[in-house]
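Written out below as structure tokens is the structure these notes cover.
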Amino acid sequence: MNPLWMPVIAAQALWLRSTLQPATDPGGGTSGTAPGPAGTPLRLAVVGDSTAAGCGAAGDEEAFAAGFARELATRTGQPVDWRVVGQYGATARRIRHRLVPQLGDRLDMVVLLAGVNDVMAGRGPDQWHDDLTGILDDLVTRTARVVVAGLPPIDRIPVVPARLAHYLGDRAAALDAVSRQVCARDPERTTFAGASTGAPPPGFFGADRFHPSSLGYRWWAQEVAALAIID
């Protein structure tokens, strides 16, 4: 990044903080069941920030957790009981110390949705590495498999000014590179499911122009499932 752009980026960041009014009400519900043909229900948990909680979704079945559970049920042929532990504004540090302990244990799969708030707060790759490592070390004692979703297309968030969006996109890419490295330590139990490098589909973002819409969550869940679930 050309340092000459930093005053512009700083000004745009201040403007964004003063004007951003994203939808903070969770819209995705906290638990549910995706039906499957037969078998013992799989136990799925989704943990993370406001995207885990479903901010921007229209209803309980429209957010990431329910959509991912449907994909898991379809691909395995088993019903899926899902639950969510998510919090608006949560960084990896808060997720590690406050949210993960609420999950319980004997889970079949946990999906982690995190990183946007770390990017927005200016937390660097070293901090992300430490907290993500701590999260995964805890999660592998609770579940058979952990999926770390790559960051959503943060550089394409409509409400973020273009120069700032480019800067945040670079920071997000740096965190995703760390996630890929950390997950590679234990590929049998942890999977990094990076976001598509292409443009998200029309309508990906919701009414607040910051969080995904119901369509966006459904598309994102399908993308992550395609990388994370072995039929």
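Values reported hereafter were calculated over all heavy atoms of this structure, with side chains retained and with hydrogens, waters and symmetry mates removed.
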(message) Show the nearest heavy-atom pair for residues Ser214 and Ala58, with the distance to one decimal.
(response) OG-N, 3.0 Å
(message) Under a plain distance cut-off of 3.5 Å, with no hydrogens placed, do Thr91 and Asp118 share a side-chain donor-acceptor pair?
(response) no
(message) For the residue pair Thr51 / Trp220, report whether a side-chain donor-acceptor contact shorter than 3.5 Å exists.
(response) no
(message) Using every non-hydrogen atom in the two residues, find where Val224 and Ala149 come nearest and quote the distance to one decimal.
(response) CG2-CB, 4.1 Å
(request) Looking only at non-hydrogen atoms, find the nearest pair between Val46 and Ala52 and report the distance. (result) CG1-CB, 3.9 Å
Contacts table for residues 105-117: side-chain donor-acceptor under 3.5 angstrom, sequence neighbours left out:
from, atom 1, to, atom 2, distance (Å)
Asp108, OD2, Arg43, N, 2.7
Asn117, ND2, Ala90, O, 2.9

(message) A side-chain contact here means heavy atoms from C-beta on lying under 4.5 Å apart; do Leu132 and Ser179 qualify?
(response) yes
Tabulate below the donor-acceptor pairs under 3.5 Å that side-chain atoms of residues 94-104 make, not counting sequence neighbours, or state none.
from, atom 1, to, atom 2, distance (Å)
Arg96, NH1, Asp130, O, 3.4
Arg96, NH1, Asp131, OD1, 3.1
Gln102, NE2, Arg98, O, 2.9

(request) Give a yes or no on whether the backbone of Val182 and the side-chain of Arg185 come within a donor-acceptor separation of less than 3.5 Å. (result) yes
(message) Are Pro201 and Leu215 packed together at the side-chain level, in the sense that at least one heavy-atom pair is separated by less than 4.5 angstrom?
(response) yes
(message) Check whether Ser213 reaches the backbone of Phe204 with its side chain - one donor and one acceptor, N or O, closer than 3.5 Å.
(response) yes
(message) Would you say that Gln87 contacts Ser50 through its side chain, given a criterion of any heavy-atom pair below 4.5 Å between the two side chains?
(response) no
(message) Is it the case that the side chain of Arg145 and the backbone of Glu188 share a donor-acceptor pair, with hydrogens and angles ignored and the cut-off at 3.5 Å?
(response) yes
(message) Hydrophobic clustering (ILVMFWY, side-chain heavy atoms < 4.5 Å, transitive) - are Val80 and Leu227 grouped together?
(response) no
(message) Do Pro153 and Pro200 have side chains that approach each other closer than 4.5 Å (heavy atoms only, starting at C-beta)?
(response) yes
(message) Side chains of Asp176 and Arg180, heavy atoms from C-beta outward: is any pair under 4.5 Å?
(response) no
(message) Students often mix this up, so state it plainly: with edges at 30° and 60°, are the rings of His211 and Tyr88 parallel, tilted or perpendicular?
(response) tilted
(request) Report the distance from atom CG of Leu175 to atom CG of Asp170, rounding to the nearest 0.5 Å. (result) 11.5 Å
(message) I need the minimum non-hydrogen distance between Arg123 and Arg171, along with the two atoms involved.
(response) O-NH2, 3.4 Å
(message) Just verifying a value: how many Å separate Asp81 CG and Thr33 OG1, rounded to the nearest 0.5 Å?
(response) 4.0 Å
(message) Could you report the tightest heavy-atom contact between Val84 and Gly86, atom names first, then the distance?
(response) CG1-N, 3.8 Å
(request) Assess whether side chain to side chain contact (heavy atoms under 4.5 Å, CB included) is satisfied between Ile154 and Val119, documenting all intermediate values. (result) CA-CA 9 Å; Ile154 193 170; Val119 170; 3.7 Å; yes
(message) Measuring from atom CD of Gln222 to atom OG1 of Thr74, what distance do you get when rounded to the nearest 0.5 angstrom?
(response) 10.0 Å
(request) Hey, could you give me the CZ/CG distance between Arg142 and Leu139, rounded to the nearest 0.5 Å? (result) 7.0 Å
(request) Could you tell me the separation between the CZ atom of Phe205 and the CD1 atom of Ile157, rounded to the nearest 0.5 Å? (result) 5.0 Å
(request) To the nearest 0.5 Å, tell me how far Leu136 CG sits from Thr143 OG1. (result) 11.5 Å
(request) Without swapping roles, check the side chain of Trp82 against the backbone of Ala65 for a donor-acceptor pair under 3.5 Å. (result) no
(message) Is it true that Thr30 and Arg83 share a donor-acceptor pair across their side chains at a distance under 3.5 Å?
(response) no
(message) I'd like to know if the side chain of Thr76 reaches the main chain of Gln78, judged simply by a donor and an acceptor atom lying under 3.5 Å from each other, with no hydrogens or angles considered.
(response) yes
(message) Pair Thr191, Val146 - check side chain to side chain contact (heavy atoms under 4.5 Å, CB included), show working.
(response) CA-CA 6 Å; Thr191 299; Val146 181; over 6 Å; no
(request) Would you name the heavy atoms of Gly54 and Tyr217 that are closest together and state the gap between them? (result) C-OH, 3.6 Å
(message) Using only atom types and a distance under 3.5 Å, with no angle test, would you say the side chain of Gln127 pairs donor to acceptor with the backbone of Gly124?
(response) yes
(request) Name all pairs fulfilling the salt bridge (charged side-chain N to carboxylate O under 4.0 Å, His left out) condition that reach into residues 219-228, sequence neighbours left out, sorted by first residue then second. (result) none
